[in-house]
Amino acid sequence: MSTPVITATLHRRINGWFESEGRALPWREPECGAWGVLVSEIMLQQTPVVRVLPVWTAWMERWPTPRDLAAEPPAEVIRAWGRLGYPRRALRLQAAAAQIAGRHGNMVPDTAPELLALPGVGTYTAAAVACFAFGRPEVVVDTNIRRVHARLVSGRALPEKSLTAAEMDLARDLMPGEPDEACRWNASVMELGALICTARSPRCGQCPVAEVCAWREAGMPEPHYRPTGQAWAGTDRQVRGAIMALLRDAGRVPLGEIPERAAAAGTLGAHRPDSAQFERCVAGLLADGLASRDDEGPEPLLSLPG
DNA sequence: AATTCGGGGTC
DNA sequence: GACCCAGAATT
């Protein structure tokens with residue numbers, strides 16, 4: 001597949017590039033701790049670094065250990081999550097914190113299988129925390145690493161639509177043998193994908209491995225498929241987001257006023273959901289624990305939980 | 001394997 | 001206006 005001589009060159013060049021060009025992100029600092037790394041990885045699931053930074057900083061100051069977060073009412077956690085998106089992640093992070101406080105003595109577990117058992121922690125996040133927080137040479141494969149491997153090694157513009165076993169095998173083959181170097185390699189390749197080997201306009205002129213890139217060697221062929229973008233306008237996700245924005249802002253809203261107030265807030269754009277969609281979305285938020293319903297007053301209220 | 005689940009910056 | 005972002009859980 002790949003000879004040791006070639007991979008050693010990649011290790012040296014990409015890790016060297018990372019040392020001088022990698023960003024000084026707070027969760028990369030040695031004193032950050034595993035809790036900070038875990039929080040960052042959950043927040044970074046489908047959310048760009050620049051948007052996570054301020055929220056992560058405030059979060060860590062407010063809840064320095066898992067136990068602190070676990071003791072908080074969900075409403076506060078949801079509010080602190082702000083507009084990072086996918087607010088179920090906030091509840092899963094709190095549930096993970098409760099497990100860590102209860103079963104692990106308030107210490108983030110240091111192996112991938114234990115991490116994988118936490119809510120909101122999947123294959124990637126478990127490997128990333130084990131690697132970046134504890135120095136374990138796990139196979140870390142995120143969207144950046146997949147794209148770098150597709151281009152650098154496979155000569156294609158984009159990776160497959162879904163993560164394949166072959167990609168995991170390739171990532172394993174490419175990793176340095178020495179654990180510390182392997183962990184740095186994972187961070188380096190990820191950073192290369194984030195800063196240089198980007199999805200749209202790759203900066204090949206600044207790439208430390210452009211001369212050995214299979215994609216460039218092949219003449220930078222176009223993607224063999226057209227990425228189907230996620231629909232947004234009119235979807236339940238947009239309507240749920242609009243309702244959550246109201247709840248974060250006001251704490252609680254009369255159920256009957258949700259349509260007009262969401263429209264007035266502008267979070268729905270030009271979309272005007274029908275009553276069936278509103279009801280479906282409210283039911284979904286209740287089921288997810290992101291909202292609670294209060295029928296004790298003169299009119300039913302929807303509020304943040306806890 | 002395919003869907004669902006936010007939100008905003010960027011081209 | 002389409003595309004993309006340190007994915008996970010569910011079906």
Side-chain angles (χ1 to χ4, degrees), chain A residues 18 22-23 25-28 36-56 78 81-93 95-96 115-133 138-148 157-165 171 183 186-195 197-202 223 225-248 265-270 280-281 284-285 287-290:
Chain A
F18 180 68
R23 293 167 292 183
L25 303 173
W27 45 84
R28 285 179 179 160
V37 174
L38 176 60
V39 171
S40 79
E41 292 298 345
I42 300 282
M43 289 184 173
L44 287 164
Q45 291 167 1
Q46 297 290 283
T47 304
V49 167
V50 287
R51 289 175 53 200
V52 165
L53 273 170
V55 180
W56 181 90
I78 293 167
W81 193 259
R83 295 179 299 188
L84 289 183
Y86 296 141
R88 291 188 295 186
R89 289 183 295 165
L91 297 182
R92 291 183 184 138
L93 176 55
L115 288 159
L116 195 54
L118 298 172
V121 176
T123 308
Y124 162 77
T125 303
V129 173
C131 180
F132 301 143
E138 299 290 336
V139 180
V140 177
V141 177
D142 80 319
T143 185
N144 287 308
I145 292 177
R146 294 185 65 207
R147 185 175 55 251
V148 171
L158 295 175
E160 301 301 322
K161 293 183 181 179
S162 56
L163 179 59
T164 65
C183 288
N186 285 332
S188 302
V189 177
M190 203 178 304
E191 189 78 337
L192 188 68
L195 298 184
C197 197
T198 55
R200 292 210 241 170
S201 306
Y225 63 91
R226 187 72 53 193
T228 59
Q230 301 175 355
W232 172 244
T235 62
D236 283 4
R237 263 167 45 246
Q238 183 187 29
V239 176
R240 285 168 56 110
I243 296 172
M244 289 306 298
L246 290 179
L247 293 181
R248 285 195 304 267
T267 46
L268 288 172
R280 184 171 67 242
C281 290
L285 294 174
D288 289 341
L290 287 166

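Labels below follow one simple rule: chain letters A, B, ... track the order of the sequence lines, proteins then strands, and each chain is numbered from 1.
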Sugar-phosphate only, base, or nothing, as touched by A:A128 at under 4.0 Å among non-hydrogen atoms: nothing
Sugar-phosphate, base or nothing in reach of A:V140, heavy atoms under 4.0 Å: nothing
Nearest listed nucleotide, side chain of A:A199, among C:dG7, C:dC4, B:dT4: C:dC4
Distance-minimising heavy-atom pair for A:W56 and A:P26: CZ3-CB, 3.4 Å
Sugar-phosphate, base or nothing in reach of A:D236, heavy atoms under 4.0 Å: sugar-phosphate
Nearest to side-chain heavy atoms of A:P87, which nucleotide of B:dC5, B:dG6, B:dG8: B:dG6
Whole-Å gap separating P (B:dG9) and CH2 (A:W232): 13 Å
Touch class at under 4.0 angstrom, heavy-atom based, for A:G85 against every strand present: base
Distance-only donor-acceptor test, A:T47 side-chain atoms vs B:dG6 base atoms, 3.5 Å: yes
Presence of A:R83 side-chain N/O under 4.0 Å of B:dG8 phosphate oxygens OP1/OP2: yes
Integer angstrom distance from the P of C:dT11 to that of B:dG6: 16 Å
Touch class at under 4.0 angstrom, heavy-atom based, for A:L25 against every strand present: base
Whole-Å gap separating P (B:dG7) and CE (A:M244): 8 Å
Contact under 4.0 Å: A:R240 side-chain N or O vs B:dG6 OP1/OP2: yes
Whether A:W27 side chain and A:L38 backbone form a donor-acceptor pair below 3.5 Å: no
Sugar-phosphate only, base, or nothing, as touched by A:I145 at under 4.0 Å among non-hydrogen atoms: nothing
Contact summary for A:I78 and A:L290, nearest pair of heavy atoms: CD1-O, 3.8 Å
Rounded distance (Å) that lies between atom P of C:dC3 and atom CG of A:N144: 19 Å
Any A:T125 side-chain nitrogen or oxygen under 4.0 Å from OP1 or OP2 of C:dA8: yes
Between B:dG6 (C1') and A:L246 (CG): distance, integer Å: 15 Å
Interatomic distance, A:L44 atom CG to A:R51 atom CZ [nearest 0.5 angstrom]: 11.0 Å
Distance between P atoms of B:dT10 and C:dA6 (Å, rounded): 13 Å
5' priority, DNA chain C, between A:R92 and A:R28 [closest heavy atom]: A:R28
Sugar-phosphate only, base, or nothing, as touched by A:P227 at under 4.0 Å among non-hydrogen atoms: sugar-phosphate
Rounded interatomic separation in angstrom, taking CD1 from A:I243 and P from B:dG7: 11 Å
Sugar-phosphate, base or nothing in reach of A:S40, heavy atoms under 4.0 Å: nothing
Which nucleotide in B:dG7, C:dG7, C:dC4 has an atom nearest any side-chain atom of A:R200: C:dC4
Sugar-phosphate only, base, or nothing, as touched by A:Q230 at under 4.0 Å among non-hydrogen atoms: base
Length of the line joining A:M190:CE and C:dC5:P, which is rounded to integer Å: 13 Å
Toward the 5' end of DNA chain B, by each residue's nearest nucleotide, A:S162 or A:G241: A:S162
Sugar-phosphate only, base, or nothing, as touched by A:W27 at under 4.0 Å among non-hydrogen atoms: base
Donor-acceptor side-chain pairing of A:R89 and A:T47 below 3.5 angstrom: yes
Side-chain heavy-atom pair A:M190, A:F132 within 4.5 angstrom cut-off: yes
Of the listed nucleotides C:dA6, C:dG7, C:dC5, the one nearest the side chain of A:L44: C:dA6
Phosphate contact (C:dG7 OP1 or OP2) by A:Q45 side-chain N/O below 4.0 Å: no
Length of the line joining A:D142:CG and C:dC4:P, which is rounded to integer Å: 15 Å
Distance in Å, A:Q45 CD paired with A:T125 OG1, rounded so as to fall on 0.5 Å steps: 4.0 Å
Interatomic distance, A:F132 CZ vs C:dA6 P [rounded to whole Å]: 12 Å
Distance below 4.0 Å between A:R248 side-chain N/O and B:dG7 OP1 or OP2: yes
